[in-house]
S.K.: 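Before we start, here is the structure in question, set down as structure tokens.
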Amino acid sequence: MTQAMPVKYSAEEWEYFRKRFFNSMLNDTQVAALGQNVGVSWPFKGSDETPAKYIEFDFVELQSVPGLIGKKTRIKKLMDILRETLAFDDPFSDMVETVDAESAKDDAFERILAKLGIPSNYPAALIHFSPETEELLKAEGIETLIQTIQFAQNLARTVVIGGDLKSFLNGLAHTDMASIIKYLPYRRNERGLYLAEAVGLIARDLEEPVQLELLCQAGVALTDDEEGLRKRASQVAIDAALKTALGRFDALCIWFTEEAADLELICATSGSVERYFMSINEPRLERVAVTLARAKFGNTETEGRGLFGKISGLFGR
């Protein structure tokens with residue numbers, strides 16, 4: 001019986017991988033995760049175990065990298081993972097310019113969104129990107145989630161993208177929950193987007209002194225260091241941040257209409273607002289979200305602690 005010849009890689013092929021991964025959105029993804037996705041195991045794990053760690057070396061230098069010295073099988077595994085990942089990351093291959101290839105990639109992300117129960121028309125303005133990325137999307141007229149994905153894909157064909165756009169697409173491509181919930185209000189172990197998690201993202205985006213102010217107003221005990229940081233913060237800056245946060249809250253209520261009505265009813269009837277935000281699963285962040293919800297919907301004048309009484313102009317939006 002004739003055995004299949006094993007695949008052997010050359011220095012030229014390694015240079016090809018280096019060039020392609022330099023422009024890949026997956027360059028900072030753990031090799032072990034990439035390997036799992038393509039069915040090839042990788043023995044090392046860690047935040048630094050990414051393609052970026054290895055592609056800085058040429059083929060000769062690669063064989064002297066700790067962990068690969070004298071381990072030709074590991075080098076082959078690494079190159080197998082990179083080869084198979086490139087086939088997934090860039091299905092265009094030899095047909096980059098064809099409409100069929102472009103549709104295939106777009107459809108891949110649409111299938112991922114459908115699998116996760118994430119609406120493709122979710123507003124781009126509600127995705128939690130950096131201010132710079134938000135401005136870029138706004139300037140380009142990007143209005144929805146799927147348009148954001150398509151814009152990032154098109155951008156990656158001509159320039160090396162990085163930052164949150166790269167991280168966002170990478171997380172979606174590999175359905176990495178830790179990455180997805182940084183940008184979208186996705187609930188772990190469930191499908192779809194939720195208002196509670198969306199308010200949690202607003203709370204997370206607040207600078208620490210602003211979060212501490214809200215925790216203080218909600219009666220949460222702060223450490224001495226936290227109290228010092230809170231007191232040193234500019235009241236004007238705190239007020240401005242809170243007005244921006246409540247503006248984003250307003251936009252959420254337009255999208256999450258039914259959930260917003262439920263939350264408003266809970267706040268108006270002295271219901272368990274805390275329970276509503278338990279799915280965030282971070283106690284302090286939950287309290288910040290609760291406080292924002294009460295500022296949005298609650299009767300602050302009847303709060304026992306005079307909620308937000310110390311925050312000037314909060315409701316004069």
S.K.: Using the salt bridge (Lys or Arg N to Asp or Glu O under 4.0 Å) criterion, which residues pair with Glu286? Sequence neighbours excluded.
M.R.: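 For Glu286 there are no salt bridge (Lys or Arg N to Asp or Glu O under 4.0 Å) partners, ignoring immediate neighbours.
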
S.K.: Test of understanding: with side-chain contact (heavy atoms from CB on, under 4.5 Å), list the residues that count as partners of Ile266, not counting sequence neighbours.
M.R.: Val273, Tyr276

S.K.: Shortest non-hydrogen contact from Glu56 to Glu61?
M.R.: O-OE1, 4.2 Å

S.K.: Tell me if a side-chain donor or acceptor on Gln211 pairs with a main-chain N or O of Leu206 at a distance below 3.5 Å.
M.R.: yes

S.K.: What residues, two or more places apart in sequence or in another chain, satisfy side-chain contact (heavy atoms from CB on, under 4.5 Å) together with Ser64?
M.R.: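 For Ser64 there are no side-chain contact (heavy atoms from CB on, under 4.5 Å) partners, ignoring immediate neighbours.
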
S.K.: When rounded to the nearest 0.5 angstrom, what is the spacing between CD in Gln153 and CZ in Phe109?
M.R.: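 So the gap between those two atoms works out to 5.0 Å.
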
S.K.: Show your working on side chain to side chain contact (heavy atoms under 4.5 Å, CB included) between Leu34 and Gln30 and close with a plain yes or no.
M.R.: CA-CA 6 Å; Leu34 296 177; Gln30 289 190 33; over 6 Å; no

S.K.: Check whether any side-chain N or O of Asp164 sits under 3.5 Å from a backbone N or O of Phe129 as a donor-acceptor pair, and report yes or no.
M.R.: no

S.K.: Report the distance from atom NZ of Lys138 to atom OG1 of Thr133, rounding to the nearest 0.5 Å.
M.R.: 14.5 Å

S.K.: What is the distance from atom CG of Leu62 to atom CD1 of Ile75, rounded to the nearest 0.5 Å?
M.R.: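 Output value for this atom pair is 5.0 Å.
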
S.K.: Under 4.5 Å between side-chain heavy atoms, counting indirect links through other Ile/Leu/Val/Met/Phe/Trp/Tyr residues: same cluster for Phe297 and Leu265 or not?
M.R.: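 Shared cluster, no.
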
S.K.: Looking at Glu213 and Pro209, would you say the former's side chain and the latter's main chain have a donor-acceptor pair under 3.5 Å?
M.R.: no

S.K.: Under the 3.5 angstrom rule, does the side chain of Glu197 hit a backbone N or O of Leu193 as a donor-acceptor pair?
M.R.: no

S.K.: Considering all heavy atoms of both residues, which atom of Ala251 and which atom of Leu126 are nearest to each other, and what is their separation?
M.R.: CB-CD2, 3.8 Å

S.K.: Could you tell me whether a side-chain N or O of Gln217 sits under 3.5 Å from a main-chain N or O of Leu214, the two making a donor and an acceptor?
M.R.: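 No.
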
S.K.: Going by heavy atoms in the side chains, are Gln235 and Ile238 under 4.5 Å from each other?
M.R.: yes

S.K.: Salt bridge or not for Glu15 and Arg18, using N-O below 4.0 Å?
M.R.: yes

S.K.: Measure across Ile280 and Gly200 and return the closest heavy-atom pair with its distance rounded to 0.1 Å.
M.R.: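 Looking at all heavy atoms of both residues, the closest pair is CD1-CA, 3.7 Å.
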
S.K.: Heavy-atom count around Glu258 CD within 6.0 Å, excluding the residue itself: above 12?
M.R.: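 Counting neighbours around CD of Glu258, 12 or fewer heavy atoms of other residues, nucleotides or ligands fall under 6.0 Å, so no.
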
S.K.: Could you pull out the closest heavy-atom pair between Val210 and Ala241, with the gap in Å?
M.R.: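 Looking at all heavy atoms of both residues, the closest pair is CG2-CB, 3.9 Å.
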
S.K.: Using side-chain heavy atoms (C-beta onward) and a distance below 4.5 Å, is Gln63 in contact with Ile69?
M.R.: no

S.K.: Let's go through Leu229 and Asp225 carefully: what are the C-alpha distance in whole Å and the side-chain angles of both, what is the deciding distance for side chain to side chain contact (heavy atoms under 4.5 Å, CB included) to 0.1 Å, and is it a yes or a no?
M.R.: CA-CA 6 Å; Leu229 179 60; Asp225 288 344; over 6 Å; no

S.K.: Do the side chain of Ser179 and the main chain of Asp176 share a donor and acceptor less than 3.5 angstrom apart?
M.R.: no

S.K.: Mark yes or no for whether Arg74, through its side chain, and Gly67, through its backbone, hold a donor-acceptor pair below 3.5 Å.
M.R.: yes

S.K.: Please tell me if the side chains of Ser272 and Phe277 come closer than 4.5 Å, counting only heavy atoms from C-beta onward.
M.R.: no

S.K.: Charged N to carboxylate O under 4.0 angstrom, Arg83 versus Asp80?
M.R.: yes

S.K.: Contact between Leu201 and His128 at the side-chain level, heavy atoms closer than 4.5 Å - yes or no?
M.R.: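 A side-chain contact exists here, since the closest heavy-atom pair is under 4.5 Å.
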
S.K.: Measure from the side-chain N and O atoms of Trp14 to the backbone N and O of Phe57, and report whether any donor-acceptor pair falls under 3.5 Å.
M.R.: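 Looks like yes, one N/O pair under 3.5 Å.
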
S.K.: Between Glu49 and Trp42, does any side-chain donor sit less than 3.5 Å from a side-chain acceptor?
M.R.: yes

S.K.: A quick test of your reading: do over 12 heavy atoms of other residues, nucleotides or ligands sit less than 6.0 Å from CG of Asp224?
M.R.: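 No, the 6.0 Å shell around CG holds no more than 12 heavy atoms from other groups.
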
S.K.: Can you check whether Ser279's main-chain N or O pairs, donor with acceptor, with Arg187's side chain at less than 3.5 Å?
M.R.: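 Not at all, since once roles are kept as given, no pair shorter than 3.5 Å links the two residues.
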
S.K.: In chain order, what residues pass the side-chain contact (heavy atoms from CB on, under 4.5 Å) check against Leu222, with sequence neighbours excluded?
M.R.: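 Only Leu212, Leu215, Cys216, Glu226, Glu227, Arg230, Arg284 meet the side-chain contact (heavy atoms from CB on, under 4.5 Å) criterion with Leu222.
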
S.K.: Should we say atom CE of Met278 is surrounded by more than 12 heavy atoms from elsewhere, each under 6.0 Å from it?
M.R.: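 It does not: Met278 CE has 12 such atoms or fewer within range.
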
S.K.: Give, for atom CG of Leu145 and atom CG of Leu172, the distance between the pair rounded to the nearest 0.5 Å.
M.R.: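 Going from CG on Leu145 over to CG on Leu172, the span is 7.0 Å.
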
S.K.: List the steps and the verdict of side chain to side chain contact (heavy atoms under 4.5 Å, CB included) for Leu68 and Val65.
M.R.: CA-CA 5 Å; Leu68 301 184; Val65 174; 4.2 Å; yes

S.K.: How long is the span from the CG atom in Leu263 to the CZ atom in Phe249, to the nearest 0.5 Å?
M.R.: 5.5 Å

S.K.: Can you give me the closest heavy-atom contact between Ala152 and Leu169, atom names plus distance?
M.R.: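 In terms of heavy atoms, the two residues are closest at CB-CD1, 3.4 Å.
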
S.K.: Tell me every residue that passes side-chain hydrogen bond (donor to acceptor under 3.5 Å, both in side chains) with Glu134, counting only those two or more places apart in sequence or in another chain.
M.R.: Arg248

S.K.: Any side-chain heavy atom of Trp255 within less than 4.5 Å of one from Pro185?
M.R.: no

S.K.: Could you walk me through whether Ile112 and Lys115 pass the side chain to side chain contact (heavy atoms under 4.5 Å, CB included) test, one step at a time?
M.R.: CA-CA 5 Å; Ile112 291 171; Lys115 180 181 178 181; 5.7 Å; no

S.K.: Just wondering, do Thr29 and Thr50 contact through their side chains at under 4.5 Å, heavy atoms?
M.R.: no

S.K.: Please identify each residue that fulfils side-chain contact (heavy atoms from CB on, under 4.5 Å) with Ser120, with sequence neighbours left out.
M.R.: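 Listed in chain order: Leu113, Ile146.
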
S.K.: Looking at CD of Glu264 and NZ of Lys296, how far apart are the two atoms once the value is rounded to the nearest 0.5 Å?
M.R.: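 Nearest 0.5 Å value for the CD-NZ distance: 8.0 Å.
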
S.K.: Will you find, in the side chains of Tyr194 and Glu190, an N or O donor that is under 3.5 Å from an N or O acceptor?
M.R.: yes

S.K.: Minimum heavy-atom separation for Gly141 and Gln147, please, with both atom names.
M.R.: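 Looks like O-OE1, 4.1 Å.
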
S.K.: Any heavy-atom pair between the side chains of Ile180 and Leu116 that's under 4.5 Å?
M.R.: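 Side-chain contact under 4.5 Å: yes.
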
